[in-house]
Amino acid sequence: MTWDPATPAEVAVLFASAGVPWWIAGGQAIELAVGHAFREHADVDVLFLRRDQAAVQAALPSWECWAADPPGTLRPWLPGEVLPPGVDDVWCRPGPSAPWRIQIMLDETEGDEWVSRRNPAVRRPVSGLGAVSAGGIPYLAPEVQLFAKARGTRPKDEQDFTAALPVLDTAQRRWLAAALAPDHPWQDRL
């Protein structure tokens, strides 16, 4: 499957009128937090809250969107279909012969709180889930993104952690340390 990831600036234009919060996620969120690019990206991840998923289809009315359902298998996301918990990723492209441009990730909430899919005990007010770059692009807070990356710690996740560590303030480091398992290898560096 061919990818030609949209840039964060292109994503910002596409979702400018979404009317709901969204954030650049993944490694590009870390780069926005750090303030510069430092590695290649195979895709672009965009986080929406599951409750706001209809806004994705409204913002991309002529695009093809395919749900990872079950995970690892893509199927068309039908207009107006509500994706249930467990269907967390959607690949989007402008048309059937176009490369994939955006991967949407859907996350959970309870009221005004974001709830981690990986560990429901890890929560945060939705209002504090992200930040906005100097160029006006919303991105997932680096400590939240690092928590998501901490599960597998692939080489690119280690690179992201190393790059983000100097920009994390004391509160962000404390939040990440509390969210991670006590024996996680990043604990010593926080």
Side-chain angles (χ1 to χ4, degrees), residues 3 5-16 18 20-52 56 88-90 101-110 112-190:
W3 271 88
T7 66
E10 289 172 317
V11 171
V13 169
L14 287 167
F15 295 123
V20 298
W22 60 270
W23 304 266
I24 296 291
Q28 293 192 45
I30 299 298
E31 289 183 347
L32 287 167
V34 170
H36 61 86
F38 55 85
R39 69 173 177 85
E40 294 294 316
H41 301 278
D43 63 4
V44 62
D45 301 321
V46 182
L47 179 67
F48 274 82
L49 303 175
R50 183 172 307 280
R51 67 185 184 203
D52 298 329
V56 174
D88 305 318
D89 295 303
V90 178
R101 302 291 323 273
I102 298 171
Q103 180 175 348
I104 301 294
M105 300 181 317
L106 300 174
D107 260 5
E108 310 305 327
T109 55
E110 285 184 13
D112 291 332
E113 273 192 322
W114 164 80
V115 180
S116 168
R117 285 184 277 128
R118 293 205 165 94
N119 178 355
V122 176
R123 296 164 177 255
R124 179 176 202 135
V126 169
S127 61
L129 198 52
V132 178
S133 74
I137 301 170
Y139 63 92
L140 195 58
E143 67 274 22
V144 176
Q145 184 58 64
L146 290 171
F147 170 71
K149 290 177 154 290
R151 183 174 70 169
T153 57
R154 303 161 294 187
K156 67 181 180 179
D157 301 325
E158 291 292 341
Q159 188 178 5
D160 290 349
F161 178 73
T162 299
L165 195 55
V167 303
L168 296 180
D169 65 25
T170 301
Q172 291 170 310
R173 286 173 183 249
R174 284 187 185 139
W175 186 91
L176 182 56
L180 293 174
D183 61 346
H184 193 280
W186 290 349
Q187 289 285 11
D188 291 341
R189 295 169 61 194
L190 289 169

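By convention here, the first residue in the shown sequence is residue 1. All values reported here derive from a predicted model rather than from experimental measurement. Values reported hereafter were calculated over all heavy atoms of this structure, with side chains retained and with hydrogens, waters and symmetry mates removed.
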Original post:
Got a salt bridge between E108 and R50, using NZ or NE/NH1/NH2 to carboxylate O under 4.0 Å?
Top reply: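 Salt bridge between E108 and R50, a charged N being under 4.0 Å from a carboxylate O: yes.
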Side-chain donor-acceptor pairs of residues 24-31 under 3.5 Å, sequence neighbours excluded:
residue : atom : partner : partner atom : Å
Q28     : NE2  : D43     : O            : 3.2
E31     : OE1  : H41     : NE2          : 3.0
E31     : OE2  : F38     : N            : 2.9
E31     : OE2  : R39     : N            : 3.1
E31     : OE2  : H41     : NE2          : 2.9

I'd like to know if the side chain of [X] and the backbone of [Y] have a donor-acceptor N/O pair within less than 3.5 Å.
{"X": "R101", "Y": "V11", "result": "no"}
{"X": "Q187", "Y": "H184", "result": "no"}
{"X": "D160", "Y": "D157", "result": "no"}

Original post:
Taking only residues two or more places apart in sequence or in another chain, which ones pass salt bridge (Lys or Arg N to Asp or Glu O under 4.0 Å) with R51?
Top reply: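 Partners of R51 under the salt bridge (Lys or Arg N to Asp or Glu O under 4.0 Å) test: none.
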To the nearest 0.5 Å, what is the distance between [atom1] ([X]) and [atom2] ([Y])?
{"X": "L106", "Y": "D52", "atom1": "CG", "atom2": "CG", "result": "9.5 Å"}
{"X": "L180", "Y": "F147", "atom1": "CG", "atom2": "CZ", "result": "7.0 Å"}
{"X": "L14", "Y": "I102", "atom1": "CG", "atom2": "CD1", "result": "5.0 Å"}
{"X": "Y139", "Y": "L47", "atom1": "OH", "atom2": "CG", "result": "14.5 Å"}
{"X": "L32", "Y": "Q145", "atom1": "CG", "atom2": "CD", "result": "11.0 Å"}
{"X": "L168", "Y": "R189", "atom1": "CG", "atom2": "CZ", "result": "11.0 Å"}

**OP:** In sequence, state the C-alpha distance, the side-chain angles, and the governing distance for K149 and E158, and then conclude on side chain to side chain contact (heavy atoms under 4.5 Å, CB included).
**Re:** CA-CA 9 Å; K149 290 177 154 290; E158 291 292 341; over 6 Å; no
**OP:** Identify, with sequence neighbours excluded, every residue that meets ring pair (Phe, Tyr, Trp, His ring centres under 6.0 Å) alongside F15.
**Re:**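 Expected list: W22, F48.
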Original post:
How would you list, by chain and number, every residue that makes a ring pair (Phe, Tyr, Trp, His ring centres under 6.0 Å) with W175, sequence neighbours excluded?
Top reply: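 Per chain and number, W175 pairs via ring pair (Phe, Tyr, Trp, His ring centres under 6.0 Å) with no residue.
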**OP:** Please collect all salt bridge (charged side-chain N to carboxylate O under 4.0 Å, His left out) contacts where either partner lies in residues 119-133, sequence neighbours excluded, each pair once.
**Re:** E110-R123, E113-R123, R124-E143
Subject >> All pairs passing salt bridge (charged side-chain N to carboxylate O under 4.0 Å, His left out) where residues 167-181 contributes a residue, at least two apart >> reply: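 Salt bridge (charged side-chain N to carboxylate O under 4.0 Å, His left out) check on residues 167-181 returns no pairs.
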